[in-house]
Novice: 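Before anything else, here's the structure in question.
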Amino acid sequence: MQLSEQEIVRREKLSRLRDLGINPYPAALYPVDATSKSIKNDFEEGKQVVISGRLMSRRIQGKASFAELQDSEGRIQVYFNRDEICPDDDKTHYNEVYKKLLDIGDIIGVEGELFTTQVGEKTVMVKNFSLLSKALRPLPLPKVDADGKVYDEFNDPELRYRQRYVDLVVNPSVKETFVKRTKITNSIREFYNERGYLEVETPILQPIPGGAAARPFLTHHNALNIPLYLRIANELYLKRLIVGGFDGVYEFSKDFRNEGMDRTHNPEFTVMELYVAYKDYNWMMETTEQLLEKIALDANGSTKVTVGENEIEFKAPYARVPILEAIKIHTGHDVAGMDENQLREVARKLEIEVDETMGVGKLIDEIFGEKCEHHYVQPTFITDYPKEMSPLTKEHRSNPALTERFELMVNGKELANAYSELNDPIDQRERFEEQLKLSEKGDDEAMFIDQDFLRALEYGMPPTSGIGIGIDRLVMLMTNNSSIQEVLFFPQMRPEKKAVELTEEEKAIMDILKPNGEMPLADLKSQAGLSGKKWDKSTKNLAKLGLFEVEKNNEGLFAKLKQ
């Protein structure tokens with residue numbers, strides 16, 4: 001492992017601390033009795049406190065120093081005075097440990113007394129301090145110049161998502177996003193618990209990936225010697241519980257779909273699903289309006305939420321638009337009653353890419369997604385989907401070609417999906433068999449036939465309404481974030497590129513080349529001063545690693561950096 005100069009220095013300090021008899025990672029409990037927030041809110045001059053946190057800045061002026069500690073609640077100023085900390089002749093604890101062996105990022109504990117500085121800053125006068133954890137890597141802290149311009153911010157998304165632990169330390173607004181996420185899930189729980197619905201847990205490993213049309217992750221159980229799937233939805237298990245006699249159940253479900261990744265999709269995501277007996281999709285629309293209104297108030301103190309350039313109003317009621325009417329409004333094509341060939345022709349006219357594996361449902365979904373979805377910025381219920389699009393949904397009571405389903409669109413994206421649930425076991429079997437035909441045509445997102453779920457329906461499921469709400473997208477809306485990676489602590493990332501280990505000869509070549517990025521090959525070889533064998537071996541390996549290349553132009557051969 002190659003260490004930077006700062007990392008080497010910090011390890012040397014670690015060794016020096018141990019030589020002084022200081023354990024840089026002590027095991028004992030540290031008796032914290034205050035936080036930065038509680039000190040500021042309940043400030044009392046002269047009060048004794050014990051706090052802990054990360055050392056984030058300091059200004060050493062001889063035998064005195066002001067510093068900042070950051071804990072889970074924010075930052076507080078602390079004042080170190082040599083004679084307060086070391087009242088006896090031995091000043092090592094201040095002169096050596098504090099001034100020379102502590103670094104920004106170290107976690108320390110402080111015992112002290114509250115006082116107010118001459119400029120009115122609430123501060124802790126340090127009487128004693130303890131090192132609780134030595135940081136061996138420097139934090140990427142931003143710097144501010146005399147004009148207030150900020151430099152070296154830790155704002156590269158690749159680094160922030162990969163090193164979320166650093167992101168949370170140096171970017172306080174990130175932490176606020178995740179605090180708000182918990183407020184949102186707590187708000188949902190309060191809403192459902194007050195209505196007597198039961199929060200439950202259902203299997204993540206499933207023998208059949210049911211409840212949605214999506215490509216699953218496949219794994220294998222060694223002891224049982226059977227394939228298993230990570231769930232794509234928890235719907236069919238929650239409905240089994242309705243069959244079993246529960247009137248209302250909900251679950252915050254981790255679901256997994258082996259599909260693409262973008263700003264609104266992560267292969268692992270969170271959905272809240274609710275199922276309530278003796279209800280229909282009209283009741284669910286009204287309930288969803290009430291829920292989202294409460295969430296907006298709990299999370300932001302208002303039913304109006306700013307998302308990008310839009311202000312979204314979550315106060316009920318929301319518009320309701322049938323999906324086929326939406327397609328007609330935004331494309332000019334009336335697709336009601338069209339077969340696959342006719343829909344493919346419409347898609348081609350609209351310049352939408354389709355393929356032969358797509359059935360009626362997939363084609364309508366593609367047309368709506370490409371040409372209509374983005375128009376619905378304010379909360380809108382898109383209703384009454386064709387039967388081919390909704391294999392788990394009850395037939396519409398006034399039009400047998402449609403189903404009693406809605407999707408809630410907000411800011412141009414689907415936020416929720418809900419049905420009057422299909423509880424006719426014979427109809428459900430036929431719908432599954434239609435999905436099987438799509439699978440045989442090559443649709444790898446078509447549903448499997450879940451025989452046990454069909455058996456459960458044959459015992460009788462009461463009329464039921466169900467909904468799934470995408471929690472990650474909901475949090476994106478409520479926190480004004482445009483990327484799903486911003487609301488997941490640890491989003492899925494591509495494998496991290498391993499640091500390339502170079503020989504001393506290769507490093508020498510790169511060091512000569514780096515200042516200008518390119519130079520005549522003969523000049524580079526001359527400055528490197530390597531034997532012919534070492535030169536050939538080094539340049540070939542640098543080229544193989546993609547770091548170095550040779551180009552020929554009118555002036556001869558030139559060596560160039562590739563990155």
Side-chain angles (χ1 to χ4, degrees), residues 209 212-216 232-233 257-267 319-378 380-393 395-396 399-419 430-448 468 470 473 482 484:
R215 185 182 301 147
I232 57 175
R257 297 184 184 178
N258 198 356
E259 300 169 345
M261 291 166 50
D262 57 33
R263 294 175 70 83
T264 58
H265 294 87
N266 192 67
R320 304 180 185 194
V321 182
I323 188 171
L324 299 182
E325 184 180 321
I327 291 173
K328 188 175 181 180
I329 291 169
H330 296 293
T331 71
H333 292 275
D334 186 353
V335 299
M338 285 189 178
D339 61 22
E340 283 184 29
N341 293 329
Q342 292 170 314
L343 286 167
R344 278 198 192 88
E345 185 59 32
V346 169
R348 290 191 183 98
K349 287 179 182 177
L350 296 171
E351 298 182 340
I352 298 171
E353 191 175 329
V354 295
D355 61 56
E356 296 305 312
T357 70
M358 292 181 172
V360 169
K362 266 282 186 76
L363 290 165
I364 290 174
D365 192 34
E366 202 71 19
I367 293 169
F368 177 80
E370 288 289 323
K371 299 298 179 181
C372 309
E373 194 172 78
H374 62 278
H375 292 288
Y376 298 101
V377 174
Q378 297 301 321
T380 304
F381 293 116
I382 303 298
T383 66
D384 303 345
Y385 285 65
K387 190 179 289 187
E388 293 88 347
M389 296 180 70
S390 312
L392 298 168
T393 313
E395 185 179 283
H396 199 284
N399 185 341
L402 304 177
T403 59
E404 297 200 346
R405 172 186 175 188
F406 72 78
E407 286 187 342
L408 176 61
M409 298 292 163
V410 185
N411 200 41
K413 293 289 182 183
E414 175 200 342
L415 178 63
N417 187 20
Y419 315 147
E430 290 171 355
R431 305 269 196 101
F432 276 152
E433 288 169 353
E434 286 299 313
Q435 288 286 303
L436 186 60
K437 291 177 185 175
L438 290 174
S439 179
E440 289 167 352
K441 284 177 63 177
D443 185 347
D444 58 6
E445 293 184 354
M447 288 190 188
F448 289 59
R473 288 189 184 177
S482 59
I484 194 171

Novice: State, yes or no, whether a side-chain contact exists between F432 and L392 at a heavy-atom distance under 4.5 Å.
Specialist: yes
Novice: Is it true that a side-chain atom of R431 and a backbone atom of S390 form a donor plus acceptor pair closer than 3.5 Å?
Specialist: yes
Novice: Taking E373 for the side chain and M409 for the main chain, is one N or O donor matched with an acceptor at less than 3.5 Å?
Specialist: no
Novice: Check whether any side-chain heavy atom of L324 lies under 4.5 Å from a side-chain heavy atom of D384, and answer yes or no.
Specialist: no
Novice: How long is the gap from OG1 on T357 to NZ on K362, to the nearest 0.5 Å?
Specialist: 6.0 Å
Novice: Give a yes or no answer on whether the side chain of K371 reaches the backbone of I327 with a donor-acceptor pair at less than 3.5 Å.
Specialist: no
Novice: Do the non-hydrogen side-chain atoms of E370 and E351 ever get within less than 4.5 Å of each other?
Specialist: no
Novice: Do you know the tightest heavy-atom contact between I364 and P386?
Specialist: CD1-CG, 3.6 Å
Novice: Please check: side-chain N/O of R320 versus main-chain N/O of T383, any donor-acceptor pairing under 3.5 Å?
Specialist: no
Novice: With distance as the sole test, does R344 use its side chain to make a donor-acceptor pair with the main-chain N or O of M358 at under 3.5 Å?
Specialist: yes
Novice: Could you check whether any side-chain heavy atom of L350 comes within less than 4.5 Å of a side-chain heavy atom of H333, counting everything from C-beta outward?
Specialist: yes
Novice: Where do P216 and N258 come nearest, in terms of heavy atoms and distance?
Specialist: O-CB, 3.4 Å
Novice: How would you list, by chain and number, every residue that makes a ring pair (Phe, Tyr, Trp, His ring centres under 6.0 Å) with H330, sequence neighbours excluded?
Specialist: H375, Y376
Novice: Where the side chain of R257 meets the backbone of I232, is there a donor-acceptor pair that is under 3.5 Å apart?
Specialist: yes
Novice: Rounded to the nearest 0.5 Å, how far apart are CD of E388 and CG of L402?
Specialist: 9.0 Å
Novice: Begin from the C-alpha positions of M338 and L363 and carry the test side chain to side chain contact (heavy atoms under 4.5 Å, CB included) through to its verdict.
Specialist: CA-CA 11 Å; M338 285 189 178; L363 290 165; over 6 Å; no
Novice: Measure the shortest side-chain to side-chain distance between R263 and S482 over non-hydrogen atoms and say whether it is less than 4.5 angstrom.
Specialist: yes
Novice: Do H265 and I484 make a side-chain contact, defined as non-hydrogen atoms from C-beta onward lying under 4.5 Å apart?
Specialist: no
Novice: Would you compute the distance between atom CD of E407 and atom CG of N417 and round it to the nearest 0.5 angstrom?
Specialist: 4.5 Å
Novice: Rounded to the nearest 0.5 Å, how far does NZ of K328 lie from CD of E325?
Specialist: 8.0 Å
Novice: How long is the span from the OH atom in Y385 to the CG atom in D365, to the nearest 0.5 Å?
Specialist: 7.5 Å
Novice: Looking only at side chains, do T393 and R405 share a donor and an acceptor under 3.5 Å apart?
Specialist: no
Novice: Quick check: do L343 and E340 have side-chain heavy atoms less than 4.5 Å from each other?
Specialist: no
